[in-house]
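Because the structure is predicted, anything quoted here is derived from the model rather than measured. When a residue number appears, it is its place in the shown sequence, counting from 1.
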Amino acid sequence: MNRAWLIGGVMVGAVSCLLYFHWRHDAPRRRALVSLRQFSGDLSSGSSTFLDRIVIPDAVRSRTSNEQLDFIRKSLQDEISDAGLTLLKKQGVFGSLKEVFPKEAETWSRQAGVSPEKCVAFKMEQNGLRSEIVLFAENQTYKVVRCNNVKQMAAAKF
């Protein structure tokens, strides 16, 4: 009887350790999704705080904050949606920028003025359409560097 309890205890401990390590390993992905949900919510609500959640592209930095706000809002509001983020969460690939987009990593990070080593990305491809999100790690949160076809992917899926 004691041996069965010991084996059971060891198994529970091993499973608990595995679950903990998986949960811990998945933390960047969870933080990235939280940042994206906040960004999407700010963008759709019309709040100007979404500017704090992105890396302002070099081509737009010299503009006034109102011009930046208008340009980026118009550029991104048709690229991201909650339905698209849900689909990306369930079916998308997540990893370091260089891992997910090896050919584009250097170019995209250079255009944004960030280090590719500090970026993560989501990607999903289906029916000839590719969704892309690139995020720059800053403290315990992420800023959007690139967002493309996330809303369109969800519309095509449903």
Side-chain angles (χ1 to χ4, degrees), residues 19-158:
L19 289 173
Y20 171 76
F21 286 118
H22 174 71
W23 176 82
R24 182 114 190 244
H25 177 72
D26 201 42
R29 183 177 180 274
R30 285 193 311 275
R31 282 196 312 270
L33 286 165
V34 166
S35 295
L36 286 168
R37 293 256 183 232
Q38 292 169 337
F39 170 73
S40 179
D42 288 351
L43 185 63
S44 64
S45 73
S47 171
S48 63
T49 57
F50 78 88
L51 282 177
D52 297 333
R53 300 186 192 282
I54 66 167
V55 174
I56 308 271
D58 285 338
V60 182
R61 282 192 188 132
S62 62
R63 296 182 183 187
T64 67
S65 22
N66 283 340
E67 290 173 331
Q68 289 177 1
L69 184 70
D70 289 341
F71 177 81
I72 293 170
R73 179 178 285 127
K74 288 176 186 173
S75 299
L76 294 179
Q77 70 189 43
D78 290 332
E79 298 297 334
I80 192 167
S81 69
D82 286 339
L85 290 175
T86 299
L87 189 61
L88 205 61
K89 176 183 176 182
K90 290 179 183 176
Q91 299 178 13
V93 173
F94 175 79
S96 72
L97 175 58
K98 288 185 172 185
E99 191 178 275
V100 177
F101 295 108
K103 294 178 184 174
E104 299 93 342
E106 291 297 326
T107 302
W108 289 348
S109 59
R110 189 175 354 94
Q111 288 171 343
V114 297
S115 167
E117 288 78 18
K118 294 186 84 180
C119 293
V120 295
F122 285 94
K123 175 173 82 170
M124 184 173 163
E125 294 184 69
Q126 197 165 17
N127 300 328
L129 184 63
R130 182 169 97 167
S131 293
E132 309 159 345
I133 293 183
V134 176
L135 302 159
F136 173 68
E138 188 172 77
N139 301 321
Q140 290 296 311
T141 188
Y142 292 94
K143 288 188 169 193
V144 175
V145 172
R146 179 179 182 80
C147 180
N148 193 27
N149 292 330
V150 176
K151 187 175 186 176
Q152 294 85 336
M153 182 67 77
K157 184 74 175 171
F158 298 109

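For Asp82, the salt bridge (charged side-chain N to carboxylate O under 4.0 Å, His left out) partners are Arg37, not counting sequence neighbours. Residues forming a side-chain hydrogen bond (donor to acceptor under 3.5 Å, both in side chains) with Ser81 (at least two apart in sequence, or on another chain): none. Taking Phe101 as the reference, Trp108 meet the ring-ring contact (aromatic ring centres under 6.0 Å, His included) condition, with sequence neighbours excluded. Residues passing the side chain to side chain contact (heavy atoms under 4.5 Å, CB included) test with Val120, sequence neighbours excluded: Phe94, Leu135, Tyr142. Evaluation of the side-chain hydrogen bond (donor to acceptor under 3.5 Å, both in side chains) rule for Lys143 yields Glu138 as partners, not counting sequence neighbours. Considering only residues two or more places apart in sequence or on other chains, Thr141 meets the side chain to side chain contact (heavy atoms under 4.5 Å, CB included) condition with Ser35. Every residue two or more places apart in sequence or in another chain that forms a side chain to side chain contact (heavy atoms under 4.5 Å, CB included) with Asn148 is listed here: Glu79, Glu132, Arg146. Under the salt bridge (charged side-chain N to carboxylate O under 4.0 Å, His left out) criterion, Lys123 pairs with Glu125, not counting sequence neighbours. Applying the salt bridge (charged side-chain N to carboxylate O under 4.0 Å, His left out) test to Lys98 and every residue at least two apart in sequence or in another chain returns Glu106, Glu117. Qualifying side-chain hydrogen bond (donor to acceptor under 3.5 Å, both in side chains) partners for Gln38, counting only residues two or more places apart in sequence or in other chains: Arg53. Considering only residues two or more places apart in sequence or on other chains, Thr49 meets the side-chain hydrogen bond (donor to acceptor under 3.5 Å, both in side chains) condition with Asp42, Ser47. For Glu99, there are no salt bridge (charged side-chain N to carboxylate O under 4.0 Å, His left out) partners at least two apart in sequence or on another chain.
Comment: Arg130 engages Glu104 in a salt bridge, judged by a side-chain N to carboxylate O separation of less than 4.0 angstrom.
With Glu67 contributing its side chain and Thr64 its backbone, the two residues share a donor-acceptor pair below 3.5 Å. Not one N or O on the side chain of Gln77 forms a donor-acceptor pair closer than 3.5 Å with the backbone of Ser40.
One distance of note links CD1 of Ile56 with CD of Gln68; it measures 4.5 Å at 0.5 Å rounding. Rounding to the nearest 0.5 angstrom, the gap separating the CG atom in Leu36 from the CD1 atom in Ile133 is 4.5 Å. A distance of 10.5 Å separates NZ in Lys90 from CE in Met124, rounded to the nearest 0.5 Å. Atoms OG and CG, from Ser48 and Leu43 in turn, are 11.5 Å apart once rounded to the nearest 0.5 Å. The line from CG of Leu76 to CZ of Phe39 is 4.5 Å long, rounded to the nearest 0.5 Å.
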**Item:** Full working for side chain to side chain contact (heavy atoms under 4.5 Å, CB included) between Leu51 and Leu69
**Value:** CA-CA 7 Å; Leu51 282 177; Leu69 184 70; 3.9 Å; yes
**Request:** For the pair Val134 and Val100, evaluate side chain to side chain contact (heavy atoms under 4.5 Å, CB included) and give the outcome as yes or no after the intermediate values.
**Result:** CA-CA 10 Å; Val134 176; Val100 177; over 6 Å; no
**Message:** Does Arg63 form a side chain to side chain contact (heavy atoms under 4.5 Å, CB included) with Val60? I'd like the steps, not just the answer.
**Reply:** CA-CA 6 Å; Arg63 296 182 183 187; Val60 182; 4.1 Å; yes
**Request:** Show your reasoning for whether side chain to side chain contact (heavy atoms under 4.5 Å, CB included) applies to Phe122 and Val150.
**Result:** CA-CA 10 Å; Phe122 285 94; Val150 176; over 6 Å; no
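Counting all heavy atoms, side chain and backbone alike, Ser115 lies closest to Phe136 at N-CE1, 4.3 Å. When every heavy atom of Ala112 is checked against every heavy atom of Val145, the shortest pair comes out as CB-CG1, 3.5 Å. Taking every heavy atom of both residues into account, Arg61 and Val55 meet most closely at NH2-CG1, 3.9 Å. Contact detail for Ile80 and Cys147: the closest heavy-atom pair is CB-SG, 3.8 Å. Smallest separation of non-hydrogen atoms from Leu97 and Pro116: CB-O, 4.0 Å. Nearest heavy atom pair, residue Leu88 against residue Arg29, reads O-NH2, 4.4 Å.
No side-chain heavy atom of Val34 sits less than 4.5 Å from a side-chain heavy atom of Arg30.
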